[in-house]
Amino acid sequence: MTPVSRVLVVSDDAKWQADVLAGLGAAAVRLENPYGLTFVGVARSQDALDQIARDGDVQVVLVDKQLQEKGVSQAAAQLANRISAFRPEISLYVLLFDDDERALVEDLASHAVDGYFYRDELDFHGWFRILSAELAEKSATPFYDKLKQYVRMAKDSWHTPGHSGGDSLKGSPWVGDFHDFVGESMLRADLSVSVPMLDSLLHPTGVIEEAQMLAAKAFGAKRTYFATNGTSTSNKVIFQTLLAPGDKLLLDRNCHKSVHHGVILSGALPVYLDSSINKQFGIFGPVPKETIFAAIDANPDARVLILTSCTYDGLRYDLKPIIEAAHEQGIKVIVDEAWYGFARFHPAFRPTALESGADYVTQSTHKVLSAFSQASMIHVNDPGFDAHLFRENFNMHASTSPQYNLIASLDVARKQAVMEGYRLLDRTLKLAQELRDKINSTGAFRVLELSDLLPEEVREDGIQLDPTKLTVDITQSGFTADELQQALFERYNIQVEKSTFSTITLLLTLGTTRSKVSRLYDAMLRLTKEKRPPRPLGRMPEIPRFSSLASLPRDAFYEAGERLPLLDDDGRPNAALVGRVCCDQIVPYPPGIPVLVPGQVIDDTILAYLARLQKTQKSIEMHGLAEDGGEFLLRVLKEGELAQLPGRALFK
């Protein structure tokens, strides 16, 4: 299938524009045109902006430097900047009379312009070839192409992996079905570092390096690194790069558990920031801006601030003022954008964390773009970035046998985002609104709006909602969350993203289709017609506030400790745990927010919360508790261990 690549020519010189459109159109007929270049013209800046807003196939814009608009100085340069701000992936060329004009454009809009043509050199074949080369560079997938080339070369394998391109599976009466299920191309592409032409993820100098450079340009980073063990590992790599044992960092307690694991591995001293809480729906929101600013002011010696934006439920910070405040104190900012990796490619989701000034951003490309599971990216804009130190930490965590199909999927996901991300995201936004309206029309289910989701303490913080993440209030449906998920799965073949005690979450992506929307709506409408009476749903016990640290998390984690029962012999919270120091990270899931981290002092409110969860929320998983014969145990420091910890003096 040949793609369509629209080239928009913007000029108020009607005769000249007509000549250009005719000449380029003729070149498209005569010359090879693998990218489907077609040409259209508009006369005004606003018409150009309207065109690129409604047409996701516009890939290139040619702007006449002679463009004149009433009351607008340097209209061409201003239009270039506006296009770059609206859709930065679009290639932009300016048509000039002379080099003096070029100098002026570069002074006003150098970051936005990809190239120049001269108005009086009407070399349409030459222009066409340059535009084709521009699209070839944007749409290149250097690693994926080289991987396909190698597979087609059909080399005999005398190296790892042991399945030898699938030959160990093919024709087997026991496991041959796996070969058929996975597919021959996937197995032939499962190679090892024994193939030099495919480069090395641990020391890239060839096609992986090229693919990472293209990704950096696409996402607005100075450097980008591909990761094949998810954003969990990516966060840990950055922590170890920036933090030495004892270094202080500020972090949202609502961060992904990998961030808290990174604290343990790095030996850092964390300052935990309590997140806001929506008590009605059991949803945990951003840290209040006031809390963040106060923590920055109170901890000027902090090395790092890390925040999650957007959250699992789609809430995202007004990042720019927060990042600016951190930078004023010399604090590096990491933003976990695991759920927001697509945001660069549609103005409805911007600004991104990088555009807001973040030094490091991690993205789960597999979550919301078209990469395979575990495939993630690390983006770097830190002016003080130490590439050697980062590489040493990256290689400490990365496998020496990375999955090449994962790397290829990152290459392909970046290409798709650049070439058709705007169009697909625009469709996703329309489908999200359509689904929102349909669900609300049932009367039994309601999609929560930003005003419903925002906890009171962050209502004035400029928080915004990602509309592709739909949180559905089920309290009037008569179903519990478990019952609803089971009915959708077993009766209607629908799997949702997650749930709380009173909501389910639906995730819309580039792969969402109108047919899927229709099937989900039909299922919810049928469930509504069962007319179950609304049932009182017990509110999730409110997560307690952070108590205090008695030691560095790493120090507490690596001690042997002792295990004490969560409940006493009478089934009540075990009073012997109050005042003790936890060794493990205790995480009820959902929502996945640590109640305790290593080194934290256990108080009676925390203990009561954990005990109540065990009694009232049976479906919640409790990560970090030990279990012995059905009894839950907490690992805590022995008194003698706490006194001997090397970093104990920091907490006296």
Side-chain angles (χ1 to χ4, degrees), residues 1-69 74-84 86-106 108-110 112-140 217 415 418-420 422-423:
M1 181 186 297
T2 302
V4 173
S5 300
R6 207 97 61 213
V7 178
L8 185 64
V9 181
V10 187
S11 176
D12 56 354
D13 184 339
K15 182 181 183 307
W16 179 85
Q17 185 189 73
D19 291 343
V20 169
L21 292 174
L24 289 173
V29 173
R30 290 188 177 185
L31 302 178
E32 186 179 1
N33 189 12
Y35 305 107
L37 271 76
T38 61
F39 302 88
V40 295
V42 295
R44 298 171 58 251
S45 293
Q46 191 56 53
D47 293 337
L49 293 167
D50 291 344
Q51 179 83 8
I52 67 173
R54 66 174 177 266
D55 187 355
D57 289 326
V58 173
Q59 300 287 358
V60 183
V61 178
L62 307 182
V63 180
D64 183 2
K65 175 60 178 67
Q66 304 307 305
L67 183 67
Q68 299 290 324
E69 296 189 345
Q74 299 299 329
Q78 288 201 36
L79 177 58
N81 285 326
R82 292 176 72 185
I83 291 173
S84 177
F86 188 74
R87 285 183 58 188
E89 80 280 6
I90 285 180
S91 299
L92 199 142
Y93 284 72
V94 177
L95 286 303
L96 306 170
F97 264 131
D98 53 40
D99 285 338
D100 289 340
E101 288 187 332
R102 176 172 179 160
L104 181 59
V105 172
E106 291 197 347
L108 296 173
S110 60
V113 178
D114 295 284
Y116 300 90
F117 297 127
Y118 286 92
R119 257 176 137 259
D120 56 355
E121 293 179 357
L122 299 179
D123 177 12
F124 297 123
H125 281 210
W127 291 8
F128 183 87
R129 286 192 292 268
I130 289 171
L131 295 178
S132 293
E134 174 76 19
L135 291 180
E137 180 181 338
K138 282 174 62 176
S139 63
K217 181 178 180 181
K415 172 181 177 177
V418 169
M419 304 308 294
E420 58 180 351
Y422 176 84
R423 176 173 60 82

Task: Worked check of side-chain contact (heavy atoms from CB on, under 4.5 Å) between Met419 and Leu135 - done: CA-CA 9 Å; Met419 304 308 294; Leu135 291 180; 4.1 Å; yes
TODO: Before giving the answer on side-chain contact (heavy atoms from CB on, under 4.5 Å), spell out for Asp19 and Gln17 the whole-Å C-alpha distance, their side-chain angles and the decisive distance to 0.1 Å.
DONE: CA-CA 5 Å; Asp19 291 343; Gln17 185 189 73; over 6 Å; no
TODO: Check the pair Val20, Leu95 against side-chain contact (heavy atoms from CB on, under 4.5 Å), reporting the backbone distance first and the verdict last.
DONE: CA-CA 11 Å; Val20 169; Leu95 286 303; over 6 Å; no
TODO: Might you work through the side-chain contact (heavy atoms from CB on, under 4.5 Å) test for Tyr422 and Val58, ending with a clear yes or no?
DONE: CA-CA 10 Å; Tyr422 176 84; Val58 173; over 6 Å; no
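Closest approach of Asp114 to Lys217, counting heavy atoms only: OD1-NZ, 4.2 Å. Annotation for Ala27 and His125: closest pair CB-CD2, 3.7 Å, computed over non-hydrogen atoms. Nearest heavy atom pair, residue Glu89 against residue Lys138, reads O-NZ, 2.8 Å. Taking each heavy atom of Arg6 and Asp55 in turn, the nearest pair found is NE-OD2, 2.8 Å. Considering all non-hydrogen atoms of both residues, Ser11 and Asp64 come closest at OG-OD2, 2.8 Å. Taking each heavy atom of Leu96 and Tyr116 in turn, the nearest pair found is CD1-CD2, 3.4 Å.
With contacts defined as side-chain heavy-atom distances shorter than 4.5 Å, the pair Trp127/Leu122 qualifies. With contacts defined as side-chain heavy-atom distances shorter than 4.5 Å, the pair Phe39/Val60 does not qualify. Taking the side chain as every heavy atom from C-beta outward, Leu37 and Ser132 approach each other to under 4.5 Å. You'll find the side chain of Leu49 reaches within 4.5 Å of the side chain of Ile83, heavy atoms only. In this structure the side chain of Tyr93 reaches within 4.5 angstrom of the side chain of Glu134, judged on heavy atoms. No side-chain heavy atom of Asp47 sits under 4.5 Å from any side-chain heavy atom of Val10. Side chains of Leu131 and Leu62 form a contact here, defined as non-hydrogen atoms less than 4.5 Å apart. Put simply, the side chain of Asn33 reaches to within 4.5 Å of the side chain of Phe128, judged on heavy atoms.
Remark: Gln68 CD to Arg44 CZ distance equals 14.0 Å, nearest 0.5 Å. Taken to the nearest 0.5 Å, the CG atom of Leu8 stands 12.5 Å off from the CG atom of Asp57. Once rounded to the nearest 0.5 Å, the distance linking CD1 of Ile52 with CD1 of Ile90 reads 4.5 Å. Considering CZ of Phe117 and CG of Asp123, their distance stands at 9.0 Å, rounded to 0.5 Å.
Checking Gln59 against Tyr35 by side-chain atom types alone, no donor-acceptor pair falls below 3.5 Å. Glu69 and Ser45 are linked by a side-chain donor-acceptor pair at a separation below 3.5 angstrom, with hydrogens and angles left out of the test.
With Lys65 contributing its side chain and Arg119 its backbone, the two residues share no donor-acceptor pair below 3.5 Å.
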